[in-house]
Amino acid sequence: MVGRDPTGWKPTAFRTHTLAEISTNGADLVGEAVIIAGHAEAVRGRGGVCFLMLRDGTGYLQAFLKKDGMDEETFLAVQSLSRESTVQITGEVAQKRPPKVPEGSPAPPPEYEVVASSAQIMSAAQTPLPLGVTDKVHVELDTRLDNRHLDLRRNHINAMFQLRSKVLAYGREHLLKEGFQEMNSPKIIASASEGGTNLFPMTYFETPAFLSQSPQLYKQLAILGGLERVFEIGPAFRAEEHDTYRHLNEFISFDIEMAWADDEDVMGVQERMIHHIWSSVAEKDGNLIDIINEWREVQEPPLNPISVDIPSIPFPRVSYDKAIEIIQSKGGEITWGDDISASDADLIAEEHAGFHFIPRWPMEMKPFYIYHDETEKGTTGEQLSRGFDLNYGRDEMTSGGQREHRVDVLELNLIDMGLDPTDFTFYTDGFRFGAPPHAGWGLGVARLLMVLTGAGNVREVVLFPRDRSRVTP
RNA sequence: GCCCCGAUGGUGUAGUGGCCUAUCAUGCAGCCCUGUCGAGGCUGCGACCCGGGUUCAAAUCCCGGUCGGGGCGCCA
């Protein structure tokens with residue numbers, strides 16, 4: 001199984017049927033003339049017969065070629081075809097001869113194949129392959145990424161990217177249902193973004209410019225403009241020299257922003273969305289999870305199977321105050337006001353293994369656009385913010401919060417954080433004509449997929465990752 | 001940016017100064033088999049990251065470089 005359901009796929013210039021259609025509906029198709037196409041995953045048989053195991057995006061099917069059933073030159077060419085070459089087969093659907101089974105074993109269910117009357121080699125694959133699509137030998141991530149076009153032909157990798165598409169679709173589906181509309185913000189920005197991170201400089205005609213680190217300020221402007229509830233799924237760029245399993249310099253951020261809402265309201269949106277994604281995957285995409293598990297099972301040593309455990313909502317809220325308490329009680333060295341490091345997050349994960357929110361961070365640790373209520377103080381009397389994180393185990397999935405809608409406070413925050421308000425007039429001006437209280441969050445799509453697919457590195461679930469040392473392919 | 005580790009056929013590995021014209025698997029090439037299906041059997045091909053050094057002798061030790069891995073930091 002390759003995992004795609006071909007229901008609704010129309011015949012194309014190159015095939016009348018997908019392979020899955022024939023393998024699953026073979027009984028109805030026996031005797032029918034068909035044209036199929038795919039990659040040659042294995043070519044077996046010598047002498048006068050040839051078994052060609054074909055793979056397309058939907059599944060597998062064997063084509064059976066006989067020397068005396070077709071043009072001999074073509075037959076010989078197919079028989080000596082290299083793995084992964086693409087072939088088109090014209091022939092007739094037939095039931096396969098049943099395989100030999102040990103004495104006393106039940107006969108397997110009938111299987112189908114296409115008996116070829118002609119064949120056309122579309123594109124022969126060079127040998128050897130830089131990485132084996134079906135080989136059992138382990139392949140290192142770096143080799144895989146250098147040859148992503150072949151890596152992607154491996155079933156479990158293909159399944160991960162099918163899952164990615166599903167996750168985004170279910171996420172969209174849920175937000176649309178809650179009244180959100182999709183938007184896109186510019187990725188080329190003039191300067192003075194939200195600060196706190198390094199940006200990639202570029203030249204925009206005669207003007208210096210940067211790649212956007214976040215849609216944050218723009219989705220807020222959309223809310224101030226009355227779009228009420230928006231989301232964006234798009235790239236963000238950070239010029240940080242980090243080198244970890246969970247950071248990339250270009251990543252896809254899943255962002256929402258919502259008017260007339262506080263931090264708790266958007267945490268609700270998030271947990272309902274994640275719950276919908278997990279439920280939908282569990283209900284509809286078990287086949288993709290199975291493909292990943294089939295691969296995990298045959299690894300040496302075998303990897304534990306992954307399962308889609310639908311998280312119950314609401315997710316636990318572990319306030320920053322409480323988090324510090326937990327870390328300290330477990331012997332972690334942290335004081336109020338410190339960031340929660342990866343090893344500290346491990347300690348929290350001992351009590352909250354799955355999804356959990358960490359709300360109410362110290363205001364001084366949060367960006368200038370985060371809202372604070374002057375009456376809310378932490379255990380040491382310091383100002384708390386309405387910023388929150390969503391973690392899964394040790395890993396941060398999301399950062400979000402209620403936003404500061406009071407323009408005078410916003411400008412003070414900018415000054416407090418060492419930024420110049422005059423650089424932000426494109427943004428602060430949006431708040432001068434009546435600003436609704438609002439809140440939102442940004443979710444790392446790849447990090448969420450790591451959780452779902454069991455990948456140990458974000459690079460696994462990003463098609464063409466960009467990190468500090470990789471800009472190709 | 002810091003600490004630690006590594007680099008051997010296309011891919012993934014064994015190897016701790018002479019036993020290495022280098023192990024195994026997979027792959028590739030060829031041969032045998034007219035229903036294979038984890039195909040099988042036989043034969044063959046193919047590698048010590050780069051530059052310097054130590055030594056009678058280096059895949060192996062030392063130095064530098066490049067690339068990679070793990071951990072951390074940095075990071076809405």
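Computed over heavy atoms, backbone and side chain alike; hydrogens, waters and symmetry mates excluded. Order of the sequence lines fixes the chain letters, A, B, ..., with proteins taken first and strands second; residue numbering starts at 1 for each chain.
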### Message
Say we look at rG70(B) and rU13(B): how far apart would their P atoms be, to the nearest angstrom?
### Response
13 Å

### Distance between P atoms of rU8(B) and rC50(B) (Å, rounded)
11 Å

### Query
With rounding to whole Å, what would you report as the distance between rG9(B) and rU23(B) at their P atoms?
14 Å

### Query
Parallel, tilted or perpendicular for F357(A) and F388(A), by the 30°/60° rule?
perpendicular

## Note on the structure
Side-chain atoms of N457(A) come closest, of rG12(B), rG70(B), rG68(B), to rG70(B)

### Query
Is there a donor N/O on one and an acceptor N/O on the other, under 3.5 Å, for the side chain of H242(A) and the base of rC75(B)?
no

### Message
Using a heavy-atom cut-off of 4.0 Å across all strands, would you classify K96(A) as base, sugar-phosphate, or nothing?
### Response
base

### Task
Would you please confirm or rule out a distance under 4.0 Å between OP1 or OP2 of rA39(B) and any side-chain N or O of R44(A)?
yes

### Task
Classify the ring geometry between Y427(A) and F424(A) as parallel (under 30°), tilted (30 to 60°) or perpendicular (over 60°).
perpendicular

### Task
Apply ring-ring contact (aromatic ring centres under 6.0 Å, His included) to Y392(A) and F355(A), showing your working.
CA-CA 4 Å; Y392(A) 183 93; F355(A) 289 109; 4.8 Å; yes

### Task
Nearest whole angstrom, please: distance from the P of rG73(B) to the CD1 of I340(A).
12 Å

#### Entry: Nucleotide nearest V137(A) (side chain, heavy atoms from C-beta), chosen from rC74(B), rA25(B), rA76(B)
rA25(B)

### Message
Let's see if you can work this out: which of rG1(B), rG71(B), rG68(B) has an atom nearest to the side-chain heavy atoms of D142(A)?
### Response
rG68(B)

### Query
RNA chain B: F251(A) or D346(A), which has the more 5' nearest nucleotide?
D346(A)

### Query
Tell me: CG of L61(A) to P of rG35(B), nearest whole Å?
20 Å

### Summary
E294(A) atom CD is separated from rG38(B) atom C1', nearest whole Å, by 14 Å

### Task
Give a yes or no on whether a donor-acceptor pair under 3.5 Å exists between the nucleobase atoms of rU11(B), that is its base, and the side chain of E140(A).
no

### Query
Among rU36(B), rG10(B), rG73(B), which nucleotide sits nearest the side chain of P130(A)?
rG10(B)

### Distance under 6.0 Å and angle within 45° of ring axis: R403(A) vs Y369(A)
no

### Message
Angle between ring planes, Y371(A) versus H405(A), binned at 30° and 60°: parallel, tilted or perpendicular?
### Response
parallel

### Message
Do the side chains of R470(A) and D146(A) get close enough for a salt bridge, i.e. N-O under 4.0 angstrom?
### Response
yes

### Query
Between R153(A) and E84(A), is there a salt bridge with N-O shorter than 4.0 Å?
yes

### Task
Tell me which nucleotide among rC74(B), rG71(B), rG1(B) gets nearest to the side chain of Y245(A).
rG71(B)

### Query
What is the distance from CG of D68(A) to P of rG35(B), rounded to the nearest Å?
12 Å

### Task
Using the C1' atom as the reference point in each nucleotide, state the distance between rU11(B) and rG68(B) in Å, no decimals.
16 Å

### Query
In the strands shown, is rU36(B) matched to any nucleotide by a Watson-Crick or G-U wobble pair with both distances under 3.5 Å, and which?
none

### Query
Base, sugar-phosphate, or nothing: which does D389(A) touch, judged by heavy atoms less than 4.0 Å apart?
nothing

### Query
Between rU11(B) atom C1' and H138(A) atom NE2, what is the distance in whole Å?
11 Å

### Query
With both distances under 3.5 Å as the test, what is the Watson-Crick or G-U wobble partner of rG17(B)?
none

### Message
Closest approach to the side chain of E396(A), judged atom by atom: which nucleotide of rG73(B), rG12(B), rA76(B) is it?
### Response
rA76(B)

#### Entry: Salt bridge flag under 4.0 Å for residues E396(A) and R447(A)
no

### Query
If only side-chain N and O atoms of S469(A) are considered, is one of them under 4.0 Å from the OP1 or OP2 phosphate oxygen of rG68(B)?
yes

### Message
The side chain of P367(A) is closest to which nucleotide in this list: rA76(B), rG27(B), rU11(B)?
### Response
rA76(B)

### Message
Counting the atoms with a prime plus P, OP1 and OP2 as sugar-phosphate, which does A342(A) contact under 4.0 Å by heavy atoms, base, sugar-phosphate, or nothing?
### Response
sugar-phosphate

### Query
Roughly how far apart, to the nearest Å, are rC37(B) and rC48(B) at atom P?
37 Å

### Residue mapping more 5' on RNA chain B - nearest nucleotide basis, F64(A) or R144(A)
R144(A)

### Task
With heavy atoms under 4.0 Å as the rule, sort R394(A) into base, sugar-phosphate or nothing.
sugar-phosphate

### Task
For D339(A) and rC74(B), give me the distance from atom CG to atom C1', rounded to whole Å.
10 Å

Protein and nucleotides 28-32 of chain B: nitrogen or oxygen contacts under 3.5 angstrom:
from	atom 1	to	atom 2	distance (Å)
rC28(B)	OP1	R83(A)	NE	3.0

### Query
What interatomic distance, in whole Å, is found between C1' of rG69(B) and the corresponding atom of rC61(B)?
23 Å

### Message
I'd like to know whether CD of Q383(A) has more than 12 heavy-atom contacts from other residues, nucleotides or ligands below 6.0 angstrom.
### Response
yes

### Task
Figure out the CD/P separation between E460(A) and rG69(B), and round it to whole Å.
12 Å

### Message
For the P atoms, the ones on rG53(B) and on rA47(B), what distance do you get once it is rounded to whole angstrom?
### Response
26 Å

### Task
Hunt down the Watson-Crick or G-U wobble partner of rG51(B), both distances under 3.5 Å, from any strand shown, or write none.
rC63(B)

### Query
Mind checking who rA22(B) pairs with, Watson-Crick or G-U wobble, both distances under 3.5 Å?
none

### Query
Is a salt bridge present between D263(A) and R360(A), judged by a nitrogen-to-oxygen distance below 4.0 Å?
yes

### Task
From the options rC72(B), rU11(B), rU26(B), select the nucleotide whose nearest atom is closest to the side chain of D243(A).
rC72(B)

### Query
Quantified in whole Å, what is the C1' atom distance between nucleotide rC56(B) and nucleotide rC45(B)?
34 Å

### Query
If you look at every strand shown and take non-hydrogen atoms under 4.0 Å, does E113(A) touch a base, only sugar-phosphate, or nothing?
base

### Query
Considering Watson-Crick and G-U wobble pairs with both distances under 3.5 Å, what does rC28(B) pair with?
rG44(B)

### Query
How would you label the contact of R468(A) with the nucleic acid (heavy atoms, under 4.0 Å): base, sugar-phosphate, or nothing?
base

### Message
Checking base pairs now: Watson-Crick or wobble, both atom distances under 3.5 Å. What partners rG1(B)?
### Response
rC72(B)

### Task
State which of rA76(B), rU34(B), rG73(B) makes the closest approach to the side chain of S399(A).
rA76(B)

### Query
So, E376(A) and R386(A), do they make that salt bridge, N to O below 4.0 Å?
yes

### Query
Under the ring pair (Phe, Tyr, Trp, His ring centres under 6.0 Å) test, which residues partner W361(A), sequence neighbours left out?
Y320(A)

### Query
OH of Y427(A) versus C1' of rA76(B): gap in Å, rounded?
12 Å

## Note on the structure
Testing rA39(B), rA76(B), rC74(B) for proximity to the side chain of T244(A), the answer is rC74(B)

